[in-house]
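Heads up: numbering here begins at 1 and tracks the sequence.
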Amino acid sequence: MAVINIKLFDVIPVRLNLWLMIFTSCWVIYMLRVNISLNLIAMVPEPAQSSASKRSQCASLRAANETFNANITTEDAKNLRAQSKETFNWTMDQQGTIIGAYFWCYPFTSLVGGMAAERWGPRYVVLVTVLVSGVLTALSPAAARLSYTALVIIRFFLGSAGGFTYPALHALVAQWAPPAEKGKFVSAMMGGTLGIVATWSLTGPLMEKFGWASAFYVPAALSFIWCGFWWYLVADTPNEHPRISSDEKKYIMDALGDKIKKSKGLPPFKKICTSFPFLAMIILHYGNVWGLYFVMTVGPKFVSSVLNFELQAAGVISALPYLARMLLATVFGSLGDCILARKMMTTTTIRKFFCLFSHILPGVLLVLMVYTGCSTTLSVMLITMSMGLNGAATLTNLQNHQDLAPNYAGTLYGIANAIGSTAGFFTPMITAYFTRNGNTFEQWRPVFFIGASVYIVAAIFFILFGTGNIQSWNFIAEEDKKTENLNDMGDTKNGNIKDSKETSLSVTRA
């Protein structure tokens, strides 16, 4: 049996196992993150609906869409609530607080998640955060029955744990992915997209049959099972993996060269914060996150408020933009790896060229949305194309921090993501400001122009000032290396230090 295992691991590269585990880790963390959105439908009684409705320029579509939405959302919601033996009288503001509590501490833990992974190892950081997230998800029904505040606290800590995951995964990729394969590894982090689609698709039937509490227990149980696979299949570095073949280990280590050195010291924050290439990367990442939040929040609101079509209620249609981004991310990632392997472009040229697909074209498509008239089909197509093309971010902002400093990739991504997450606060505020008096195309145009401008300006800035070259501050200083060597000498450390002191004393006396 042992011989069979060895052969299997010789045939199946450890890198493939790692790719699958990174992909499913994002799936799991998003499953635990977004299930509350659908669970609340079953947990909270349906409020009395106001007969008043906002006017739009596409009122002629109202009758058809009301019939369609009634079949999808109203009936489904009623069925879910009918199956629920216990419900809660939470207001819409309270429900919004429950969902939003996840993000209260998320930027701060994202900021330190990379440093934690670089110090203690991404394998342990991801394992602990998913375990904690699973436990908190399993406790959510009891917290809800206790009080609304208890559930908010659970969601707060759930988000605090979730913030560690992505920076830690980027630190893991830096230790494992050869330069010619980083696009594919980064594309694995789109697994959260499938997590969203699968969760929304499976949670409804689960609640209808077993009640809303099961929609917490089942994802929690799945996360615990996943942790077992993660512990067995993943290691922090190729040198630490117990089942990797010598050929694969040599291939990875030769490809990485001397760019990666495991260090337990603090990152060189002064050099990082004064690095202009890092600033360009942050701006590019901010533009990407702004665009994503814009498409995920403002896009559906525009289709709903102006076109009278509930995109979020349309099942498969609502999933199309996310699926398109995940699939094209894999395509772009493989394409970039192929270009780099054949040396058709330099790393810097790849990063700058693909900004056209990850930022500029999605921005242009957003502008076109306000000129589509009342065509719901065309608007959904443009949203899908905008999100899909943004999958090229696997070759731009989602990979550039790996270029600049692979030793501190987790820290760089954590900083950029903490700053980028603030876009989630600004996009709804800007939308509310311009549409406060109505939902006409004229009132919505400034919203889309601003969203597209942030997308495009960020790309232009990076094209002018960004780089894919490794920075000097990535490498550990010589004195730091000496200190680490002493720390890693184990039980013989004291004897060696003593010998060196005696030698120096004898030289002095001589």
Side-chain angles (χ1 to χ4, degrees), residues 2-3 5-23 25 113-128 164-165 167-186 188-189 227-267 337 399 401-413 470 474-493 496:
V3 176
N5 287 335
I6 292 174
K7 288 183 178 179
L8 283 175
F9 276 100
D10 285 341
V11 173
I12 303 174
V14 170
R15 300 193 311 286
L16 176 59
N17 293 327
L18 187 70
W19 189 96
L20 290 172
M21 294 311 299
I22 291 173
F23 182 86
S25 69
M115 289 181 283
E118 289 156 5
R119 183 171 181 82
W120 292 295
R123 180 195 186 207
Y124 292 99
V125 171
V126 173
L127 177 70
V128 170
F164 284 89
T165 308
L169 291 175
H170 279 279
L172 185 66
V173 169
Q175 295 285 344
W176 274 90
E181 297 181 10
K182 280 195 175 180
K184 291 190 282 288
F185 272 91
V186 173
M189 296 185 198
C227 284
F229 284 99
W230 176 268
W231 178 257
Y232 181 73
L233 294 173
V234 176
D236 287 330
T237 66
N239 285 327
E240 297 175 29
H241 201 289
R243 291 172 298 279
I244 190 172
S245 68
S246 57
D247 290 341
E248 185 177 9
K249 183 192 297 185
K250 184 177 185 303
Y251 165 69
I252 296 172
M253 301 310 296
D254 288 348
L256 294 176
D258 62 350
K259 295 179 181 179
I260 302 292
K261 300 291 181 182
K262 195 171 183 180
S263 172
K264 295 185 178 181
L266 289 175
D337 291 344
Q399 201 172 152
H401 58 284
Q402 301 271 350
D403 305 324
L404 300 179
N407 273 325
Y408 306 109
T411 295
L412 299 190
Y413 181 81
I470 195 165
N474 169 72
F475 301 100
I476 304 170
E478 289 300 320
E479 54 270 22
D480 293 336
K481 289 182 181 179
K482 292 178 182 178
T483 302
E484 288 187 0
N485 289 335
L486 289 174
N487 291 336
D488 292 336
M489 290 173 71
D491 295 335
T492 62
K493 178 180 65 175
N496 290 337

Taking ring-ring contact (aromatic ring centres under 6.0 Å, His included) as the definition, give me every residue that meets it alongside Tyr251, ordered by chain and number, with sequence neighbours left out. none
Out of curiosity, [X] [atom1] to [Y] [atom2], how far, rounded to the nearest 0.5 Å?
| X | Y | atom1 | atom2 | answer |
| --- | --- | --- | --- | --- |
| Asn474 | Asp403 | CG | CG | 11.0 Å |
| Gln402 | Leu412 | CD | CG | 9.0 Å |
| Gln175 | Asn239 | CD | CG | 9.5 Å |
| Ser245 | Lys250 | OG | NZ | 12.0 Å |
| Phe185 | Leu169 | CZ | CG | 12.0 Å |
| Asn17 | Ile22 | CG | CD1 | 11.0 Å |

For [X] versus [Y], what's the shortest heavy-atom pair and its separation?
| X | Y | result |
| --- | --- | --- |
| Trp176 | Ala235 | NE1-O, 2.9 Å |
| Gly113 | Pro167 | C-CB, 3.8 Å |
| His401 | Ala409 | CD2-O, 3.3 Å |
| Glu118 | Pro267 | OE1-CG, 4.1 Å |
| Lys249 | Pro238 | CE-O, 3.7 Å |
| Pro406 | Ala174 | O-CB, 3.3 Å |

Within the structure provided, determine whether [X] and [Y] are in side-chain contact (heavy-atom separation under 4.5 Å).
| X | Y | result |
| --- | --- | --- |
| Leu127 | Val234 | no |
| Asp236 | Pro122 | yes |
| Phe475 | Ile470 | yes |
| Trp231 | Tyr124 | yes |
| Met21 | Val126 | no |

Glu248 side-chain N/O to Val14 backbone N/O, donor-acceptor pair under 3.5 Å: yes
Taking His170 for the side chain and Gln399 for the main chain, is one N or O donor matched with an acceptor at less than 3.5 Å? no
Could Arg123 and Trp230 be counted as a cation-pi pair, given that NZ or CZ must be under 6.0 Å from the ring centre and within 45° of the axis? no
What's the verdict on side chain to side chain contact (heavy atoms under 4.5 Å, CB included) for Leu18 and His241, showing C-alpha distance, side-chain angles and the deciding distance? CA-CA 11 Å; Leu18 187 70; His241 201 289; over 6 Å; no
Selection residues 168-180 - residue pairs positive for salt bridge (charged side-chain N to carboxylate O under 4.0 Å, His left out), sequence neighbours left out: none
